[in-house]
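Counting starts at 1 for both ligands and their atoms, in listed order.
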Amino acid sequence: MSDKTLLLIKPNAIMHKHAGEIISMVESQAFVLRDIKILKFTQELAASFYLEHKGKEFYDRLLAFMCSGPTIALLLEKHDAVSSLRELVGDTDPAKRKTETIRYRFAEGITENAVHASDSPEHAKREIRLIFGYNPT
Ligand code: CMP
């Protein structure tokens, strides 16, 4: 079944002008671009988006990083979109990243990791609603 997911191109990737290459990598894996938005996370939106990480050691650093510059959000559609995009994005742990992934190429650390991809269909729905303001059909 074709379904939808969310990709965020984070402030470090935009600052280093990697957004175009990241979008090309996504398109080359047959994702269809359904919506796109450039935004700057506020503290409030970042806190809501990353609610599940509240209290973790890296939480304040993560919020400061996400609010440090513009982010590009992409609403993407493909068969098995969530797992397919997670595969293309690569692992959170730098040591486990495969060479052909977005994070292997563009991440600068465990927090400044260039991109975010929703980790389940339920989270994709919630995150798309938070960022784009509507429920994906
Ligand atoms: P993301 O996929 O956006 O989801 C949560 C984010 O928290 C993650 O990418 C990283 O930016 C950050 N993160 C996750 N784990 C750690 C960690 N152990 N130390 C620092 N930052 C982390």
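- Under the rule for a ring pair (Phe, Tyr, Trp, His ring centres under 6.0 Å), the partners of F49 that lie at least two apart in sequence or sit in another chain are F41, H116.
- Linking Ile, Leu, Val, Met, Phe, Trp and Tyr residues whenever their side-chain heavy atoms come within less than 4.5 Å places L39 and L6 in a single cluster.
- Around atom CD of E52, more than 12 heavy atoms belonging to other residues, nucleotides or ligands sit under 6.0 Å away.
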Side-chain donor-acceptor pairs of residues 129-137 under 3.5 Å, sequence neighbours excluded:
residue : atom : partner : partner atom : Å
Y134    : OH   : D35     : OD2          : 2.5

Output block, N or O contacts of ligand 1, threshold 3.5 Å exclusive:
residue  : atom   : partner : partner atom : Å
ligand 1 : 2 (O)  : R103    : NH2          : 3.0
ligand 1 : 2 (O)  : H116    : ND1          : 3.1
ligand 1 : 3 (O)  : K10     : NZ           : 2.7
ligand 1 : 3 (O)  : Y50     : OH           : 2.5
ligand 1 : 3 (O)  : H116    : ND1          : 2.9
ligand 1 : 9 (O)  : K10     : NZ           : 3.1
ligand 1 : 9 (O)  : N113    : ND2          : 2.9
ligand 1 : 11 (O) : K10     : NZ           : 3.2
ligand 1 : 11 (O) : T111    : O            : 2.9
ligand 1 : 11 (O) : N113    : ND2          : 3.4
ligand 1 : 21 (N) : T111    : OG1          : 2.8

Side-chain donor-acceptor pairs under 3.5 Å in residues 57-65, sequence neighbours left out?
residue : atom : partner : partner atom : Å
E57     : OE2  : R61     : NH1          : 3.0

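- Both V115 and V26 belong to a common hydrophobic cluster when Ile, Leu, Val, Met, Phe, Trp and Tyr are linked at side-chain heavy-atom distances under 4.5 angstrom.
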